Amino acid sequence: MIKWAGWIITLAGIGHTLGSLVEAAPEHAGTWFGGSWKLGEYPEMSDATVAWWYSMFSFGPPILLIGLTVLWLARRGMTPPVFIPWAMVGWVVIGFVVDGPSPLLILLVAACLLLVGARRGEGRGNATSGADAATPVR
């Protein structure tokens, strides 16, 4: 279950990051790397700045790193700490309430898989108690 969760999280991060870059980079990469562009302040943000926040400064890269970390831990026989799925649940639910449904609702499935995997004993007892340290899988 934990490996499945890791793959779901990783693919969500890849999907958002690559999808947003495919959409934004062709039009704005020249501005981003041209040497004169500045991020700017809201509400004076340029289209290039909005595209940057949508792609590289979005949640996509961190979600990708979280997914890869979950997979890395699983390959080493360790259960990720349960604050990871609970934080994802909170983040996705707040995003849903504020912005409506999105494909990232799939992260709720990944969070459930992580929580059930920890509860079923894929990790030692303190992984399900909310301990911050990753614990070995039996």
Side-chain angles (χ1 to χ4, degrees):
M1 291 191 161
I2 291 172
K3 284 183 184 178
W4 276 100
W7 279 112
I8 291 169
I9 298 165
T10 300
L11 292 175
I14 290 171
H16 181 78
T17 304
L18 287 181
S20 61
L21 282 174
V22 165
E23 186 176 336
E27 185 176 346
H28 300 291
T31 304
W32 294 342
F33 299 108
S36 62
W37 171 66
K38 294 182 182 183
L39 280 175
E41 301 266 335
Y42 184 81
E44 296 88 26
M45 287 185 186
S46 67
D47 288 345
T49 300
V50 172
W52 180 256
W53 280 100
Y54 172 58
S55 58
M56 292 310 298
F57 269 22
S58 72
F59 56 83
I63 288 295
L64 172 60
L65 291 174
I66 290 169
L68 291 173
T69 301
V70 168
L71 290 171
W72 184 86
L73 289 167
R75 277 194 286 278
R76 282 153 184 77
M78 300 171 80
T79 300
V82 295
F83 70 81
I84 291 175
W86 284 118
M88 281 195 316
V89 166
W91 175 63
V92 171
V93 168
I94 290 170
F96 177 81
V97 169
V98 171
D99 197 34
S102 81
L104 289 178
L105 287 172
I106 193 71
L107 292 177
L108 293 178
V109 173
C112 288
L113 288 171
L114 285 173
L115 290 168
V116 171
R119 177 74 80 183
R120 284 190 174 175
E122 288 185 32
R124 296 213 170 165
N126 66 352
T128 60
S129 67
D132 287 348
T135 56
V137 173
R138 289 186 226 174

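Remember, predicted model here, so these are calculated numbers, not experimental data. Along the sequence shown, residues are numbered consecutively beginning with 1.
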Which atom of Leu114 lies closest to which atom of Met88, heavy atoms considered: CD1-CE, 4.2 Å

Nearest heavy atoms of Gly67 and Thr10, plus distance in Å: C-OG1, 3.0 Å

Plane angle bin for Trp52 and Phe33 - parallel if under 30°, tilted between 30 and 60°, otherwise perpendicular: perpendicular

Hphob cluster co-occupancy, Ile14 + Leu65, side-chain heavy atoms under 4.5 angstrom: no

Cluster overlap Tyr54 with Phe57, hydrophobic side-chain contacts below 4.5 Å: no

Cluster link Leu18 to Ile9, ILVMFWY, side chain under 4.5 Å: no

Shortest non-hydrogen contact from Val82 toward Ala118: CG1-CB, 4.2 Å

Main-chain N/O of Ala48 paired to Trp32 side chain as donor or acceptor, under 3.5 Å: yes

Side chain His16, main chain Leu64, donor-acceptor under 3.5 Å: no

Audit row: Thr79, Leu73, side chain to side chain contact (heavy atoms under 4.5 Å, CB included) steps and yes/no: CA-CA 6 Å; Thr79 300; Leu73 289 167; over 6 Å; no

Minimal non-hydrogen separation, Ile66 against Ile84, with atom names: CG2-CG2, 3.9 Å

OG-CG distance between Ser58 and Leu21, expressed to the nearest 0.5 angstrom: 8.0 Å

Side chain to side chain, His28 and Thr49, heavy atoms closer than 4.5 Å: no

Steps toward side chain to side chain contact (heavy atoms under 4.5 Å, CB included) verdict (Leu105, Leu108): CA-CA 6 Å; Leu105 287 172; Leu108 293 178; 4.0 Å; yes

Atom pair CE (Met78) and CD1 (Ile2), whose distance is rounded to the nearest 0.5 Å: 11.0 Å

Flag if over 12 foreign heavy atoms under 6.0 Å of CH2, Trp91: yes

Hydrophobic cluster membership, Val109 vs Trp7, 4.5 Å side-chain cutoff: no

Donor-acceptor pair, side chain of Ser20 and main chain of Thr17, under 3.5 angstrom: yes

Linked, directly or transitively: Ile63 and Leu71 (ILVMFWY side chains, under 4.5 Å): no

Rounded distance (nearest 0.5 Å) linking atom CG of Leu115 with atom CE of Met1: 11.0 Å

Pro61 to Ser55 - nearest heavy-atom pair and separation: CD-O, 3.9 Å

For Ala5 against Ala110, the heavy-atom pair lying closest together: CB-O, 3.4 Å

